[in-house]
Structure formats: structure tokens, C-alpha cells
Amino acid sequence: MKKLKNFELNTMLPFIAIVLLTFITSLVLHSNPFSEALAKHDSSMFTYFGYAMENGKIMYTDIFDHKGPIIFIFNYLGILMSTANFDGIYIIEFISLFTFFVFTFKTGKLWNTNLVSFIPLIIEAITLTFFLEGGNLTEEYALPFIAYSLYSFVKFFKNNKKIISYEIILIGISFSIVFLLRANMVSLWLIFCLVILIDFIRNKEYVKLLKVLGLFLFGVSIILIPICSYLYMNNALKDGIFQSLIFNFIYLDTSGERNDAVRVLYSMLSNYYLVMIFSAFLAQIAFKWEKFDSSEKKIIVASILFAILSYYTSVMSGRTYKHYLMPMIPTVTLPLAILLNEIPKKISQIKLICVVSLVIGLTYNIQLIDIYEKIYVTNIVEVNESDGIDVKEQIILNNKNKKANLLEVADVIKNNTEITDEIYVHRKSGYLYLLSDRLSSIKYFNLPAIDLNQDPLIGDDFIYDITHSNTALIAIDSSFNSKRKVGIELEFYNFILKSYDLIYDDNGYSIYLNKSINK
């Protein structure tokens, strides 16, 4: 009975701790269901995917984006799960973060105790809160599949390459999902599969190799075949391949600032001590290389290559978006597990908790304060103005004012159009579509961050779509009126002035109503 109670305690405590850590991390998300505050980062562009699909639009043919089809599906499921009082996308995000923490914990458990294995979760969660940038992002949804596959690959080597069929199939499923989220995030599978391939060939284990390959490809096909079939049946396969794969090469930034962007991203990794952790890991293996067994050496080599390739694919775009660095977080899971294995096994848990709390508290002091402030301004709505306004309260007021202004703009759209009318919002994400309950009249509901004049394939198609669509209303940033315009943007603006009347110009938006309606 005593052993049973200890087993239940050892199982339940990590589970409860991971649930709590997931909840705290999720408090910085835009989709927190308990918050009425408008998030600093607006990722409603992807939420629009789900909204549009629920209303009959088809991915890629009716909704242009260079992400893979899985982000469309997740947001569609989130919209279907949503109610008037709860955000379904938050449920998907919570499950995603929870699963990531669970398998990060299980990977650590391959070397360490429960308590020691929880330390990487805290470090990675602190970093994650800054890289999430509002959440509902492809990188966020990739994390649990990367974490599961990393755990399974490591276990595969530590168990002397024992083949467990369902695990290999799940690795294939995970690869397929991440590839169909964003193809540049599959570094883990490229590296570990290559190491496994070389190991099997070197040891002439061809039967095992064929079995593993077959199971892996079967897992890949479970996801890939149904999605490709759906796209093909909806005449969207060609558009899907172009937008999610070919267009991403166009999307890469070839400007002269790429090196500066890489330095900025490297600095971000350094600020959250990921570079320091990896450097300490490299120093450790340099001194102890001969003490590692052959399976651990393969794991270590693979983990180093995984980190290098992940860094390259994270910064290759030359854009300084923090969320591009999210796939770097799992690259320190193995280094942390192996580093923490140096902690003496006989140290008391109380002493370990005190030491770890002190070290993390001192190391991440600034980040922990920032996390508290993020959670505060995201989830606190009421402000007491009687004792003055501090910085955090000012951010809350700014968020409330921004939301009120957007609601006013949305009301203008709703009051001047019918529910069946379709509109276009120029380069302003998807928030106004959602607030006004209106669909985009063209597939370019939110143009990609490219110069349309330098990419005539997209620019000409955009002009053709907007000039040949039955767009009831167009909303643009007010500054666009005075901005110097050439080429595609000038042609677009002249079309607005010719076919639309200005009916609203406030709160940063200019709204133009189709002259055929405004009579």
C-alpha cells in the first residue's frame, strides 16, 4: 500500500506541476479565456483562417498564406470549439504547451529524477513566454511534436535501438504535422534520421533499417495523404504547394540587413541564456567525452547538429521576429538533461529546491519581473486612477483604448454593409474581419510582408483580384493616404479613389465605401 501511494504521489505531483506551469505560461497569450484585455501582439491573422473556413472559404484558393495547411486546420478546429464565453483556440494552445512540457520532462527523466527533470521546464517556460509573442503561431504548435520526437529518438538510442512500432509511426506523424506547419522546422528529424541511417548502414542492419523506414513513412502518410487529397479535391493542391513551399523562398529576405538581423536574433538567444547553456554543454562533453557510452555519444552528436541546423533555419529569413526562435528552445532540452545529471544524487530535495530557486531567481531576475508585468497587463482590466497611473496601468488603458477604437471601426463597417457583404482590410492583419464579422473579398486578406513591386507575380494577382471582386468596403491605415506610392500601391490607391467614397477617417483608419452602395 505504501509503495502504491508513493507511486501515485510520484506520478501526480509532476502532472500537477506541469499543469500549473502550462497555465502560468498561457497567461501571457492573447487567447487567455479569462482576459478581456487586447493583446500586444495580434495573431488574429491565423484566427481568420478558421473563421473563413467555417464560412465556406477554402485554404490557399480563397485564403492566401505561406504557412502550411495544419495552421489552417488548428484554427478551424479552434473556431468550431469556441463559444460566446470561451476561446477554443486557447484550448488547443493549452494542450500544445502542456504536451511540450510533458515530453520535455520525460526526456529529462531518462537521465535525472523527477525534481531535477523539472528544472529544464522552468528555464524553457521563462524563455517561451517571450518568444510566444501572443501565441497561435506555427512555431508554438510545432513544439509538442518536436518534444515527443526528441524523447522517442533519445529513448530509441538509450534502449539499444529497440523498435517500438507505434513510436516510430508517431514520429512520422509528428514530422508530417511539423512539415505541414512550416517546412523549415524539421531539423530534428533530418538530423536524427540521418544519424540512425548511418548507424544502421555502418552496422549492416538493413532489415531493421527497412522496418523503421516503412513505419516512419506510414506515419507520414497518415497525415500527408488525407490533407493532399482534401487540397486536390478542392483544386487547392497547386496553390498550396506554391504558397507553403515555393513562395517561402520568395519570402526570404535578401536585403543587406540580413547579417544585422542574424546578430539581433543571436543576441535574443543570449539574453535568455540559451547560448550560455549550450556553451556549458559543449565544455562538459569536451572534458567527459570518453566517459559517455556509445549511445550517448550518438545522442550528443545529433543534439549538437540539431541545434546548429535549427539556428540556421530560424534566422535564414533575415527577419527579427522573436517567435522564429521558438524551435530553438527544444535544442537545450538534451544539454540541460546531461548537464543536470552532474548534480549529486544524494543531495536532499529541500536543499536542491532552495539552490535551484536561488540560481534561477538570480539568473532570470529581469525576465521574471517582465513575465509578471506581461501577465498583469494581459489579464488585469480594471485600473484604479485615484492614486495615479503607473506604467503597467497605462499599458492596460492603452490596450482598452485600442480595443475601443477598433470596436468603433468595426461598428462603422457593420453599419454600412450587410452580413453577406465582403470587405478588404489592407495590411492590417485579420482583426477587423473578426470584429466586424465580415469575410475578405479576395484571397489576399492580409498581404505578405513583401514589396509588391519587386514581386509582380503576387502584386499583379492582387491588383487583378481587388479590381475584379465585388468588394463592398475597403479599410486602410490612415497614413496610407499621405504615403508616397508607386507601382502596385499607386494603382491600388487610384482604384479606391475612383470606385469608393471616404465615409470614415479616425482612430488610425480610413474607410471607403463602394460607390454603388453609397447612393
Side-chain angles (χ1 to χ4, degrees), residues 26 29-33 35-36 38-39 41-97 99 132-145 176-182 223 226-231 233-234 236-237 239-240 243-244 323 403 406-407 410 413-414 419-425 427-448:
S26 72
L29 294 175
H30 74 101
S31 56
N32 173 15
S35 171
E36 295 178 15
L38 183 67
H41 178 77
D42 174 17
S43 58
S44 57
M45 181 175 75
F46 300 136
T47 309
Y48 176 81
F49 293 171
Y51 168 75
M53 289 177 69
E54 186 188 28
N55 286 277
K57 298 287 187 178
I58 303 297
M59 64 177 80
Y60 299 123
T61 56
D62 298 324
I63 313 166
F64 183 97
D65 197 79
H66 58 92
K67 303 297 190 296
I70 295 293
I71 189 70
F72 289 83
I73 294 170
F74 281 176
N75 277 271
Y76 178 54
L77 292 174
I79 293 294
L80 292 179
M81 294 162 60
S82 295
T83 66
N85 300 312
F86 199 84
D87 186 356
I89 292 172
Y90 175 82
I91 299 174
I92 296 174
E93 290 188 280
F94 191 94
I95 293 171
S96 179
L97 293 173
T99 306
L132 276 170
E133 291 194 291
N136 192 22
L137 299 163
T138 54
E139 293 83 3
E140 176 190 4
Y141 294 131
L143 288 178
F145 301 102
S176 195
I177 289 173
V178 173
F179 180 80
L180 293 175
L181 276 167
R182 193 169 184 179
I223 300 297
I227 290 178
C228 287
S229 299
Y230 164 83
L231 293 173
M233 288 186 293
N234 286 280
L237 183 58
D239 288 336
Q243 291 175 36
S244 63
H323 63 264
K403 184 171 185 178
L406 281 171
L407 287 171
I413 295 172
K414 286 190 282 188
I419 188 69
T420 54
D421 287 334
E422 293 185 339
I423 67 171
Y424 173 66
V425 181
R427 292 197 186 275
K428 295 293 281 187
S429 189
Y431 209 71
L432 270 183
Y433 297 108
L434 300 172
L435 287 178
S436 62
D437 196 19
R438 299 292 186 269
L439 290 167
S440 173
S441 60
I442 62 173
K443 64 177 176 285
Y444 299 103
F445 77 99
N446 186 57
L447 281 163

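Keep in mind the model is a prediction, meaning the values are calculated, not measured. When a residue number appears, it is its place in the shown sequence, counting from 1. No hydrogens, no waters, no symmetry mates; every other heavy atom, side chains included, goes into these values.
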So, taking the atom named [atom1] in [X] and the one named [atom2] in [Y], what distance separates them when rounded to the nearest 0.5 Å?
| X | Y | atom1 | atom2 | result |
| --- | --- | --- | --- | --- |
| Glu139 | Leu132 | CD | CG | 10.0 Å |
| Met53 | Ile58 | CE | CD1 | 7.0 Å |
| Asp239 | Thr61 | CG | OG1 | 6.5 Å |
| Ser244 | Leu180 | OG | CG | 7.5 Å |
| Ile79 | Asn55 | CD1 | CG | 9.5 Å |
| Asp65 | Phe445 | CG | CZ | 6.0 Å |

Just by distance, do the side chain of [X] and the backbone of [Y] share a donor-acceptor pair under 3.5 Å?
| X | Y | answer |
| --- | --- | --- |
| Tyr433 | Val425 | yes |
| Ser82 | Gly78 | yes |
| Tyr444 | Tyr424 | no |
| Glu140 | Asn136 | yes |
| Arg427 | Pro448 | yes |
| Tyr51 | Arg438 | yes |

Quick one: closest heavy-atom pair of [X] and [Y], and the distance?
| X | Y | result |
| --- | --- | --- |
| Ile63 | Ala52 | CD1-CB, 3.7 Å |
| Tyr60 | Lys67 | OH-O, 2.7 Å |
| Leu237 | Cys228 | CD1-O, 4.3 Å |
| Ile71 | Gly68 | CG2-O, 3.1 Å |

Is there side-chain contact between [X] and [Y], with heavy atoms separated by less than 4.5 Å?
| X | Y | result |
| --- | --- | --- |
| Met59 | Ile73 | yes |
| Tyr141 | Glu93 | yes |
| Tyr48 | Leu439 | yes |

What is the ring orientation for Phe72 with Phe49, classed by angle as parallel under 30°, tilted 30 to 60°, or perpendicular over 60°?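 Taking Phe49 first and then Phe72, their aromatic rings lie parallel (interplane angle under 30°).
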
Worked verdict on Ile227 versus Ile70 for side-chain contact (heavy atoms from CB on, under 4.5 Å): CA-CA 9 Å; Ile227 290 178; Ile70 295 293; 3.5 Å; yes

